[in-house]
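What follows is a single structure, written as C-alpha cells, with notes after it.
Lettering of chains follows the sequences in order, A, B, ..., and the numbering in each one begins at 1.
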There are 2 protein chains.
Amino acid sequence: MRYSERVLNMQESPIRKLIPFAEEAKKKGKKVYHLNIGQPDLETPKEFFEGINNAPKVVAYSHSAGIIELRNAFSEYYRKWNMNLDPEELIITTGGSEAIIFALASVADPNDEIVVIEPFYANYRGFAEMLNLKLVPVQASPDNGYALPSKEEFEKVITDRTKAIIYSNPSNPTGAVYTEEEIKRIDQIAVENDLYIISDEVYKEFTFDGRKHISIMNFENKDRYIVVDSISKRYSACGARIGVFATKNKELLAQAMKFAQSRLCSPVMAQYGTVSLLKNLDDSYFEEMIEEYQKRRDAVYEELSKIDGVTFKKPQGSFYVSAEIPVDDSEEFIKWMLTDFDLDNETVMVAPLNGFYATKTAGKKEIRIAYVLEPESLKKACQILRKGIEEYNNIKTR
Amino acid sequence: MRYSERVLNMQESPIRKLIPFAEEAKKKGKKVYHLNIGQPDLETPKEFFEGINNAPKVVAYSHSAGIIELRNAFSEYYRKWNMNLDPEELIITTGGSEAIIFALASVADPNDEIVVIEPFYANYRGFAEMLNLKLVPVQASPDNGYALPSKEEFEKVITDRTKAIIYSNPSNPTGAVYTEEEIKRIDQIAVENDLYIISDEVYKEFTFDGRKHISIMNFENKDRYIVVDSISKRYSACGARIGVFATKNKELLAQAMKFAQSRLCSPVMAQYGTVSLLKNLDDSYFEEMIEEYQKRRDAVYEELSKIDGVTFKKPQGSFYVSAEIPVDDSEEFIKWMLTDFDLDNETVMVAPLNGFYATKTAGKKEIRIAYVLEPESLKKACQILRKGIEEYNNIKTR
C-alpha cells in the first residue's frame, strides 16, 4: 500500500524516538532520569479538578471557540500581562498544538514558506509537513545563548512565498527570553516583508532573575500577530489539552474559526477545569512555581558548567537548556548512555537537538535538557551526564 | 492581510451557520426546537465522571496513542462487535474528527482525490480543504433511502489520483445502514482500484428494527481499512473529544503515529472517563438507549409522512433523517422559519442538506433532521415544520 508523501517526509519526534532504549534500560533494572520531555512533575492544582466536578452532566459540544466563561477568564488573565485581548479574539484549542495548526493553515498554502528561528520546538516541523509548508530556518547559536539572529539573516531567506515567522518566546528548546529590542526586530521584519508573526508564548510565566516576558501583543501591528498559548506547562496540566489561538485581526479569526467549527470543539471537561484554574488559583502559585524552577535552572547551570568543553549560556526562561557538548554525535551518545552506560545503576535521558533544527546537519553536538525534576535529582543527573561524556570520549579515543 | 486559499475555500458549517438566526428568534421570545445538530439530550453516564475522578493527580501527557488501559478496553469492546482489533492497532484521537484528519493525511497528498458518498458528514469537506484534498462525490438519492450507488457510479469518478473512499455507516446525515452486500461492493471497488477505505462507524450502536451494524473490519482486505470511531454519540459525550483511528495495517499505523506524536496526546481526563465507560457501564444502557432512539425515529417518521410532497424512506440507523421537502431552497426556508414564522410562538431549526453535498447544486430541496429530543417534542417540532412548509408555499405562490 502507498502512503502520502507528507507523512513519509515527517520525522519521528526527537523527544520520543529514543524512548524504546530507555524502556530497555529500565527492564534491565537501571534507573533513568528523564530529562528528555517537558513533562513537569508537579501536581496539577486542585482547582482544575474542582472545575471539572462542577461541569454540566451532559458533556455536550461547546461553542467551537470554547465556552464563553473560559474565553472571558483568559481575556482577564491576558490583561494582567498587558495583553489587550477580548473574549471574541480568542479560540480555545486542543492544546497549543492545535493553535499552531490553525495559525499555519490560515495563512499559508502548500509550498508556502514559514521562517523559523532554529533550534525550534520540534513539532513545528510535523505540523508544517502535515500542511505541506516549508520551514525556512534562521539559525541561532549556543555561543551567545541562542539570541535572536540579525535582521540581515532573516532577509537572506525571505522570499515572495514567505507568509509568516514562527518562534517560541521564552524559547523551547533553548531557554532564551527575547528582549524588547529583539521582538521589535521581528516586528519590523514582518512589517517590511508583509508577514504574519506566530508567537508561541506558552512559557510566558517561566522567566528568571527578575526578567519579564514581553508579548508580541504589546507592539503596534496587531493585524499581523497570532499568539499561541497553552495551560500545559504553567499549571502542570499537559494532558488537559487546552490551548488558545489569539488574534486581534477579526477577519483572520473568522477564517480560523472555520477550522475550529469543522473539528467541533476542544475538550469540554478540561475547559471547565481551566475556568476554575484561571479564576480561583492564587497568584502566589506562580511565584512559588517560578522560585522552584529557578532553583532547578540554577542546579543544572552549576553542574553543566563543570563539564569540560560544554558551550551554553545560563538560560533565562522556559524550563529547558540547550547546550553543545563535547561529543561527535549527540544522538549516538544519548543512545549509548541508555544502552551501555550507568553510574551506580543509574543513567540519564536527554533529547538530541538535531531534530529541533530544519538544517539537516545542524545541532549534531547539541542536546536539550528539560529541568522538570527537583534540584537534587537534577544535580545527580548532570553528574551522571558528565561521567558519561568522559567515559564515552575515553572509549571513542581509545 | 492575505489568508490561505485553503481557508478561503472552506465553507461555513451547514449545521452551525444559521445559528445566529436562531439566537435572534430566541431573543424575540420564540422557543426553537433544535434539530439541526447531533447533540443528544441524554445525561452522560455517571461512569464517565467516576473514571475522571480516579485519574492521576498530575495531568501528564499520555502515550501519543492513548493510555494503554483505554486501548485495551476499546480492543475488548470491538471484539464484542466481531472486530478483531488489538490495542496496538488503535490510536486514541481527539474525537472522530482527528481520526479522519489522520486517515486522510496519511494516505493522500495535495490534489489527490477522495471518493465520498454524498450527502456526507459535512465536516469531511473541511478536513479535505485543510489538507488540500479533492472530495469527489458519488451521489445517493432520497428516492431509495440514500442506498449505496452502483459500482458503475464509482468507476465513473475514480482516477489515478484517487486514494481512498470515505463514508459513514450508519450514515450521518441520511440514516441509511449499509447491508453486507453494499459494504462488499465498496470493498470490491477498493481492491480493484487499489484504494483505502475510511469507514466512519461512530453510529454503530444506532440501528433499528433489529438491524445489525456490519463493520468493514469484518471483510478480508484488512490492509486497506481504516475505521474511524468516537464515543460522542453512543455515550452522549460529544464534548469529551475521544475518538479512535483503527487499522490492522501496521505500517499505516506507524505512519499515522507521526501525526499523533506531533500533537502529543488526546485529552487525558476524558481518556480515563472513557476507560470507566467501556469497563463498567452495563450493556443494558445501549438497549435502553436504542429503544429510546427508535421511538424518536418512529415519531419523526410518522409526522414527516404526513407532509404532502416529502420524499424520504424510514431511516434505518444513526439518529438523523434526510428528506426532500416541497420547497425551492431549503436554506432559505430554514432561515424563514426562524425569522418569519412561528406556531404559538414556537419554531424549528433543521440543517440545510446542500452543505452535505460536494456537488454545488445538489440537495437544494433537502434537509437533515437530528432526532435528539424526546418523542413528544419531536412530534410537536415536525407538526410545526409541516405548518411552516404550508405557509411558506402559500406566501411563495401568492
Side-chain angles (χ1 to χ4, degrees), chain A residues 1-8 10 12-13 16 37 39 41-44 48 52 57-62 64 94-95 97-98 105-110 123 126-127 130-132 196 223-224 236-241 249 251-252 255-256 258-259 261-270 273, chain B residues 1-8 10 12-13 16 37 39 41-44 48 52 57-62 64 94-95 97-98 105-110 123 126-127 130-132 196 223-224 236-241 249 251-252 255-256 258-259 261-270 273:
Chain A
M1 301 292 295
R2 297 158 305 175
Y3 310 100
S4 66
E5 288 300 317
R6 70 175 113 210
V7 77
L8 294 173
M10 268 176 92
E12 277 188 278
S13 162
R16 295 181 174 228
I37 190 162
Q39 172 55 59
D41 58 333
L42 308 178
E43 274 200 5
T44 312
F48 180 71
I52 284 181
K57 291 308 167 206
V58 183
V59 186
Y61 291 128
S62 73
S64 292
T94 305
S97 301
E98 193 183 53
S106 297
V107 306
D109 285 309
N123 289 324
F127 305 139
M130 185 171 94
L131 298 167
N132 298 92
Y196 285 99
D223 271 0
R224 301 193 176 278
S236 191
C238 297
R241 311 314 296 131
N249 180 331
E251 179 56 26
L252 176 63
Q255 296 296 338
K258 295 181 189 170
F259 295 122
Q261 286 197 347
S262 73
R263 67 42 161 153
L264 304 163
C265 67
S266 62
V268 167
M269 302 305 285
Chain B
M1 302 291 297
R2 297 158 305 176
Y3 309 101
S4 66
E5 288 301 316
R6 70 176 114 210
V7 76
L8 293 172
M10 269 176 91
E12 278 188 276
S13 161
R16 293 181 175 228
I37 189 161
Q39 171 56 60
D41 58 334
L42 307 178
E43 276 201 6
T44 312
F48 180 72
I52 284 181
K57 290 309 169 207
V58 182
V59 186
Y61 292 127
S62 73
S64 293
T94 305
S97 301
E98 193 183 52
S106 298
V107 306
D109 285 308
N123 289 323
F127 305 139
M130 185 170 94
L131 299 167
N132 298 92
Y196 285 99
D223 272 359
R224 303 194 175 277
S236 190
C238 297
R241 312 312 298 131
N249 179 331
E251 179 56 27
L252 176 63
Q255 295 297 338
K258 296 181 190 171
F259 295 122
Q261 287 198 346
S262 72
R263 67 42 162 153
L264 304 163
C265 67
S266 61
V268 167
M269 302 305 285

- Message: Quick check on Ala270(A) against chain B: is it the side chain, the backbone, both or neither that has a heavy atom closer than 4.5 Å?
- Response: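 Answer is neither: Ala270(A) stays 4.5 Å or more from chain B.
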- Query: Under a 4.5 Å heavy-atom cut-off, does chain B meet the side chain of Ser236(A), its backbone, both or neither?
  - Reply: both
Non-hydrogen side-chain atoms of [X] and [Y] separated by less than 4.5 Å:
{"X": "Ser262(B)", "Y": "Met10(A)", "value": "yes"}
{"X": "Leu264(B)", "Y": "Cys238(A)", "value": "no"}
{"X": "Met130(B)", "Y": "Met130(A)", "value": "yes"}
{"X": "Asn249(A)", "Y": "Met1(B)", "value": "yes"}

Report which part of [X] has an atom under 4.5 Å of a heavy atom belonging to chain A: side chain, backbone, both, or neither.
{"X": "Asn132(B)", "value": "side chain"}
{"X": "Glu251(B)", "value": "both"}
{"X": "Ser266(B)", "value": "backbone"}
{"X": "Ala108(B)", "value": "backbone"}

- What heavy-atom pair brings Val58(A) and Leu42(B) nearest, and what distance separates the two atoms?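 Looking at all heavy atoms of both residues, the closest pair is CG1-O, 3.4 Å.
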- Note on the structure: Of all heavy-atom pairs linking Leu8(A) and Lys258(B), the shortest is O-NZ, 3.7 Å
Has [X] got a side-chain atom pairing as donor or acceptor with [Y]'s backbone, closer than 3.5 angstrom?
{"X": "Arg241(B)", "Y": "Tyr61(A)", "value": "no"}
{"X": "Arg6(A)", "Y": "Leu131(B)", "value": "yes"}
{"X": "Tyr196(B)", "Y": "Arg2(A)", "value": "yes"}
{"X": "Gln261(B)", "Y": "Glu12(A)", "value": "no"}

Max heavy-atom pair count under 4.5 Å with chain A, selected residue of [options]:
{"options": "Ala237(B), Ala105(B), Ala256(B)", "result": "Ala105(B)"}
{"options": "Asp41(B), Val59(B), Val268(B)", "result": "Val59(B)"}
{"options": "Arg224(B), Gln255(B), Met269(B)", "result": "Gln255(B)"}

Selection from [options] maximising heavy-atom pairs under 4.5 Å formed with chain B:
{"options": "Thr44(A), Asp109(A), Asn123(A), Ile37(A)", "result": "Asp109(A)"}
{"options": "Ser62(A), Ser97(A), Ser106(A), Ser64(A)", "result": "Ser106(A)"}
{"options": "Gly273(A), Cys265(A), Gly126(A)", "result": "Cys265(A)"}

